[in-house]
Every structure is written in structure tokens, then in C-alpha cells.
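So you know, we letter chains A, B, ... as the sequences are listed, proteins then strands, and number each from 1.
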2 protein chains.
Amino acid sequence: MSEFEFITRITKRLSRTANDRRDARGEVAEKASADFVDIGPGDDAAVIRAPGGRVVATSDLLIEGRHFRRDWSGPYDVGRKAAAQNLADVVAMGARPTALLIGFGVPAETEPGRAAPEWAQREWAEWLYDGLRDECDLVGAVVAGGDVVRAPMVILAVTALGDLAGRAPLLRSGARTGDVVAVRGRLGFAAAGVDLLSRGRDGPAILVEAHRRPRPPYAAGDEAARLGATALIDVSDGLVQDLGHIAAASGVRIDLDDAALPIAAELGAAGRTLVLTGGDDHAFAGTFPRETALPETWCAIGHVVAGEGVTIDGRPHGLTGWDHFRQ
Amino acid sequence: MSEFEFITRITKRLSRTANDRRDARGEVAEKASADFVDIGPGDDAAVIRAPGGRVVATSDLLIEGRHFRRDWSGPYDVGRKAAAQNLADVVAMGARPTALLIGFGVPAETEPGRAAPEWAQREWAEWLYDGLRDECDLVGAVVAGGDVVRAPMVILAVTALGDLAGRAPLLRSGARTGDVVAVRGRLGFAAAGVDLLSRGRDGPAILVEAHRRPRPPYAAGDEAARLGATALIDVSDGLVQDLGHIAAASGVRIDLDDAALPIAAELGAAGRTLVLTGGDDHAFAGTFPRETALPETWCAIGHVVAGEGVTIDGRPHGLTGWDHFRQ
């Protein structure tokens, strides 16, 4: 198969019908997307609308063996997750995701654990793009372009773009003393899932699936902006580490209330540590003016005080988060 | 070194002084850039201005051993080239490049052929970012964000963004029967350089350097738009192949005039083939209304006629271009 045949094949996965927009959970995206893409795949570059006059842009590099494993996750889930983690970064800026660009490194060898002919590898790629498309559909974004190259392992370079609709971005640097710290979304589930898979277990499903396919609560960005959030971050490297980024950028200390942490029963005995340090759930953590009436979707977990770093009940936490270079 | 120390170190390379804007050729960028970047590295995403209300976006994935070799190119040149090939795609849309996002896969092992301590690897990365910065300076763009991860080889995922300033994009699909086909920039030099390096030779310098550091004539995009170009493409996969993309997208045939091809004497006996099939010089090929008064910077090489594909003096050319899957 030539490069151009391959591109034609995966680009077809991105065409959309009402059925396409129904994802594996049976959910249907609220609105047709493609609204923001003037020129999609097939030219030197894509052209995407930025009606607010500014574009939010983020990119992640995902490498097989480090960020995902083909024996732990199928291609559809790899696609969902790769899109989700970048869409979450756009949402954490208070923006609406509009488009993804996908750089896809495609290994020539067949799938591990299978004596697969060429068609199986082709299907792997098609399922991947189905996953990318369906995750995008949840927020009304589309895959607008990218690049396909041969590589010794699966490599995904995902760029997500978004529109602020004229609003100011929600930065890490806006937290003020007196603000309430709150989180929306699951914490610790994905880390618990990785731990199970690394011990050869494939359940409980709620934890393993949380690793395979995070469910960022995408509405959190709009909601936080409406509520007047002073800072917002996508929790990807662990709660204390990511709140530490807000504390550092804002020149404040964040003090968590140990008793208020949302520790789900499913996480078991290690729940507290998983909630504080587990990454990849893509919850959103924000700071809000003290007087904010937070809806039930947000869980208040602490306050912004003078100082630096992150403490729990006023004391150092002694925990470390994710370091992409060490782990 | 932790991920965050590493990011701090490379981000420093992107800070700019008048001196920074003087590149290795002694050229100084016409104007300070950073104009377009509201929020640079350090938050969940970058925020880049798109005053024209649309953003041009393209991305390429470069993998060590396939797209560059560390024993053939130093880190500064790898950075220049990685930036250049993406900036050229933005220019080929008739847009002004504004920002790059860089996904950087960093191998833990030291440089090949050297018993290098950790500092040498750090320097490799710093030189790389110097190259990215200096190429961006030529067009007034900046590196606005990205991602750093451990990888088994150097991987660069480059996304380039650009602004159309309210103009329509220059697409591949606009060529019309009767148009003149013209090219601006060098052809065949980079391919000749790769051929020399693969035979263990390190000269002539003009050819080898053309592979290491292409010099796209970035002014070609603005110029083509002003001249009323009907289509424009970045010549990255070889002239006949890339003109074939214009022919296919426009539903026309492109007939090249063999005697008009710009075959530089430096290319030697294989000059004609190198000009017709060599990639990676990042010249620009466009189609222009017949009455266009082309400036000397553009070389007229053929015409748009009815039909399909690319011919030379009316006959099939029998040449093949670059396939990223085969080669």
C-alpha cells in the first residue's frame, strides 16, 4: 500500500454521517461539527476558523510502549485517549476545541501477538481514526489534517486547536489568595487501571477502562469560565503536581482539605494516594472566587492561601507526581 | 535532569534579543516576532492571534533515521530543516507563519559516535532549539509551545500555524486551463546532497548543505498571492509528483516544457532527473493567469492544459516521486 492509498483509507474514516456521530457509548454529539474547518485534509495545510481572532493550540507526542501499549489498549481506545488528552488541554484554557492535526507514525510490522496479514494492520489504523473521530465528535471538533510516515513503532503527534469565542483564556496564573480550589471529574481511576494491567489483571472494568479511555468532563471549561474561575488546569500528571503548577504560576500556596478529597470506593486501600498523584484521568482543577456558588458537578477540595507550593491540612504532602523523563 | 528542568533549559533558547535574531547566515529577521503569541510555553496550551479570523495549520512528523540522521546533520541544522519544511507549507497556502508547536522525543542515550556525558545530550537539544528559533525568525514566527517526552530515538513533531490576513488561501485546486506554471526556489539540490552523503561524500558543500538546511524562498507565498496565483504548492516530494497534486485537485493536466526546466550546472549529469523528482528543497510551484507578468524570481516551466496528470513536452514522463511508505 502506498502512502497516498493509506491516507485515502484513513481519511475516509473521518467522513461523517449521523451514524458516525454516534459514539461507542451510544452518545450522539450535540451538534454537527466541521463548522470550523474551511479546508481539511489534502492541501499543504488546513484552514480552520478562529472567529474570536485568537487560536488556542496544544500538542502532545505519544509513543507506543511509553504512553500506551498495543497489548493493553485497542486502536479505537488509543485514538479516543490521544484525542481526549489534547482536547482536555484546549478546554482547560476555557476554549472550544475546533480541530485536530494528527501526525501518525506507522510501523510496517503487524500487530503483536498476531500473525496478521497486511489487512490487519490497515484495520488497526482505521480503528484508530474511528476513535479520534468519535472523541472529537463529543466536543464538535474534527480531524482537519496531519502527516503519515513509516516508523519503527506507533507514534501519534496530536495537535488540538480551539477558539476562545472572544473570551480571555483561563490561565494557571490567575489564582488569588482566598479563592476556593475545586475539581470536576474522576481522580485516580486511570492510575488504578494501569496498576492493575501492569499486574496482569484486566479488571475491575471501571478502573481498566478509565486507563484505556479517559472521560474528561469537557463541559468543565465553559462552566468554569461562566463561574468566573481565576485559574484552570487539566489534571494529567497528578492532582498535587498540577495544582503545584497553578501555585507556582500564581505565586500562591494551595492548601487541600484532606477530608474533602473525592476518594471513590472503587479505588480501594490506595485511594488517597491515587487521587493525589494519579494522572491521565483528565479531570479539571480550578480556583474560584470565595463567593462562587459552585454547582454539584464541582467538588471543593481546598483554598488558595499566601505562600508557595501545595500543602494538605497545612502540612507538606511528601508526594511526587509524574515526570515524563523519569518514568 | 527532570522533565521540567529540561523544558526550562530548552525554553531559554527561545528567549530573544537582537542578537538572537541574527541567524547563522548573518541575516537579521526583518521584524521582531512574538507579535502573534499572547500565551507562549508554560500553560495547558498556547494562545496565538489570528487577526484574519482563520488559522492555517499543518504538521509533520520527523523520525531520526528516516527523515534525518544525526551523523549527517547536526542539531542546529535538524532544527532549521524541521522548522523550514513546516513554515514552507504555511507559506504555500499564501499565509504568514505565526507560531510553531514542537513535540520533541528525546532519547536517553548519548549521541552516536561519541562517548558523551549527559551535558552533550543537553547541548544537542539546545542547538536544536536554536535552529528552530533562527528559522522561525526568518519569517517572524516563534516557537509557542509543545511537548517533551522520552523516546528511543529523536522524534520531532512540528506544527506550524499561520494567518491569512483576510486573504483567501492559495489551494491546489485553483489551476485553470491556459495558466502558466512557474517555480521559485532551488530544485534538485537537496536530493543531490542526500545522494552524496549516502555515498560517503561530504561535498560539494552547496549540495550537501542544501540537504542539511533547505532555504525555502519564503517571500514566494506573499508574492504569488499578489500576482494572482490560482494554485500554489510547496515542492517537498519532487516537482512532477507535487505538480501532479495540483493537476489532480484542479482537474487539469500540467505540461512541462523540457527546455525551460531550471537545471543548475552544480547538479551534474543527473540534473534533469534531480530537478523533476528530487524532494526537500521546498521551492514553491504555482499556476498563474496567462497574462501575469512574472518577476525574474519565478521561472516559467510549463502550462496548464485540459486532461489529467503531468506531461513533459506533451509526453508521459515515466518518473516517480517520493513515497514516505516505500522509502
Side-chain angles (χ1 to χ4, degrees), chain A residues 1-4 6 38-39 42-51 53-61 63 66-67 89-90 92-93 95 99 101-106 144-153 155 157 159-162 164 169 171-173 232-234 249 323-326, chain B residues 1-4 6 38-39 42-51 53-61 63 66-67 89-90 92-93 95 99 101-106 144-153 155 157 159-162 164 169 171-173 232-234 249 323-326:
Chain A
M1 185 181 305
S2 81
E3 173 191 0
F4 297 105
F6 186 87
D38 281 354
I39 305 292
D43 217 297
D44 291 291
V47 180
I48 296 131
R49 292 192 203 164
R54 295 198 286 184
V55 64
V56 167
T58 181
S59 68
D60 275 345
L61 191 52
I63 299 172
R66 292 197 72 85
H67 302 98
D89 276 329
V90 169
M93 299 295 282
L101 302 178
I102 305 296
F104 183 18
V106 188
D147 188 27
V148 170
V149 299
R150 273 270 177 253
M153 74 280 295
I155 300 172
T159 298
L161 304 179
L164 284 161
L171 305 180
R172 300 176 176 184
S173 53
L232 191 66
I233 195 167
D234 160 40
D323 184 319
H324 290 275
F325 266 36
R326 271 204 312 269
Chain B
M1 184 181 309
S2 81
E3 174 191 359
F4 296 106
F6 186 86
D38 282 353
I39 305 292
D43 217 295
D44 290 292
V47 180
I48 296 131
R49 291 192 203 166
R54 295 198 288 185
V55 64
V56 167
T58 180
S59 68
D60 275 346
L61 191 52
I63 299 172
R66 291 197 74 86
H67 303 98
D89 277 329
V90 170
M93 300 295 282
L101 302 179
I102 305 295
F104 182 18
V106 188
D147 188 26
V148 169
V149 299
R150 273 270 177 252
M153 75 280 295
I155 301 171
T159 298
L161 304 179
L164 284 162
L171 304 180
R172 301 177 176 184
S173 54
L232 191 67
I233 195 166
D234 159 39
D323 185 320
H324 290 276
F325 266 37
R326 271 203 311 268

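When all heavy atoms of S59(B) and D147(A) are compared, the pair lying nearest together is O-CB, 3.3 Å. Annotation for G105(B) and L61(A): closest pair N-CD2, 3.4 Å, computed over non-hydrogen atoms. Closest of all the heavy-atom pairs between D89(B) and A45(A) is O-CB, 4.2 Å.
Put simply, the side chain of R66(B) does not reach to within 4.5 Å of the side chain of V149(A), judged on heavy atoms. Contact check for M93(A) versus V47(B): side-chain heavy atoms found under the 4.5 Å cut-off.
Heavy atoms closer than 4.5 Å to chain B are found in the side chain of I63(A), but not in its backbone. Heavy-atom distances place both the backbone and the side chain of I155(A) under 4.5 Å from chain B.
In this structure A57(B) satisfies the side-chain contact (heavy atoms from CB on, under 4.5 Å) test together with I48(A), L101(A), L161(A), L161(B), sequence neighbours excluded. Residues satisfying the salt bridge (Lys or Arg N to Asp or Glu O under 4.0 Å) criterion with D44(B), sequence neighbours excluded, are R172(A).
Distance check, rounded to the nearest 0.5 Å: CG of D43(B) to OG1 of T58(A) gives 9.5 Å.
In terms of heavy-atom pairs under 4.5 Å with chain B, the best-connected choice from G146(A), G53(A), A99(A), A157(A) is G53(A).
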